[in-house]
Amino acid sequence: MAATAILGAGYGLTLSFTLTEVSALAPRTALARLTSLFWTLAYLGMFAPYVITALSTTFGAPALLRTGALLAVGSCVLFGWLNRSRRAVTPRSPG
């Protein structure tokens with residue numbers, strides 16, 4: 001029960017943060033398109049348990065979960081690096 005509450009809170013915070021970022025970064029002319037793209041990717045991510053279950057007969061669930069964990073860590077490293085390089089290029093405001 002505790003894990004369900006923690007995972008649910010994390011999911012809600014992730015969704016609200018990401019939607020806030022999309023609205024802050026997207027130009028007005030592309031806001032609807034980028035928001036719909038975000039929701040498309042979010043709902044595609046909900047198929048992960050189905051994909052793991054379907055592929056577990058071939059590859060085994062532990063191997064698939066390890067692969068998913070490696071992809072998650074790799075994504076965090078990649079986006080952290082991209083965010084750092086973006087901050088380095090962005091000029092600071094005086095003051």
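In what follows, every heavy atom counts, from backbone to side chain, and hydrogens, waters and symmetry copies are set aside. Predicted model, so just to flag it, every value in this text is computed and none were measured.
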Show me the side-chain donor-acceptor pairs of residues 57-70 shorter than 3.5 Å, one per line, residues at least two apart or across chains.
unit_1: Thr57; atom_1: OG1; unit_2: Ala54; atom_2: O; d: 3.4
unit_1: Thr67; atom_1: OG1; unit_2: Ala63; atom_2: O; d: 2.8

*Does any N or O in the side chain of Ser16 come within less than 3.5 Å of the main-chain N or O of Leu13, such that one atom is a donor and the other an acceptor?*
yes
*Only pairs at least two apart or in different chains count here, so list each ring-ring contact (aromatic ring centres under 6.0 Å, His included) that has a residue in residues 12-48.*
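As it turns out, the ring-ring contact (aromatic ring centres under 6.0 Å, His included) pairs with a partner in residues 12-48, which skip direct neighbours, are Trp39-Tyr43.
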Just verifying a value: how many Å separate [X] [atom1] and [Y] [atom2], rounded to the nearest 0.5 Å?
X: Leu71; Y: Leu78; atom1: CG; atom2: CG; result: 11.5 Å
X: Ser36; Y: Leu31; atom1: OG; atom2: CG; result: 9.5 Å
X: Asn83; Y: Cys76; atom1: CG; atom2: SG; result: 12.0 Å

*Can you hop from Trp81 to Phe79 via hydrophobic side chains spaced under 4.5 Å?*
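In one cluster with Trp81: Phe79, yes.
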*Can you get from Met46 to Leu19 by hopping between Ile, Leu, Val, Met, Phe, Trp and Tyr side chains that sit under 4.5 Å apart?*
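They do share one cluster, since a chain of ILVMFWY contacts under 4.5 Å joins Met46 to Leu19.
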_Can you give me the closest heavy-atom contact between Leu34 and Ala26, atom names plus distance?_
CD1-CB, 3.5 Å
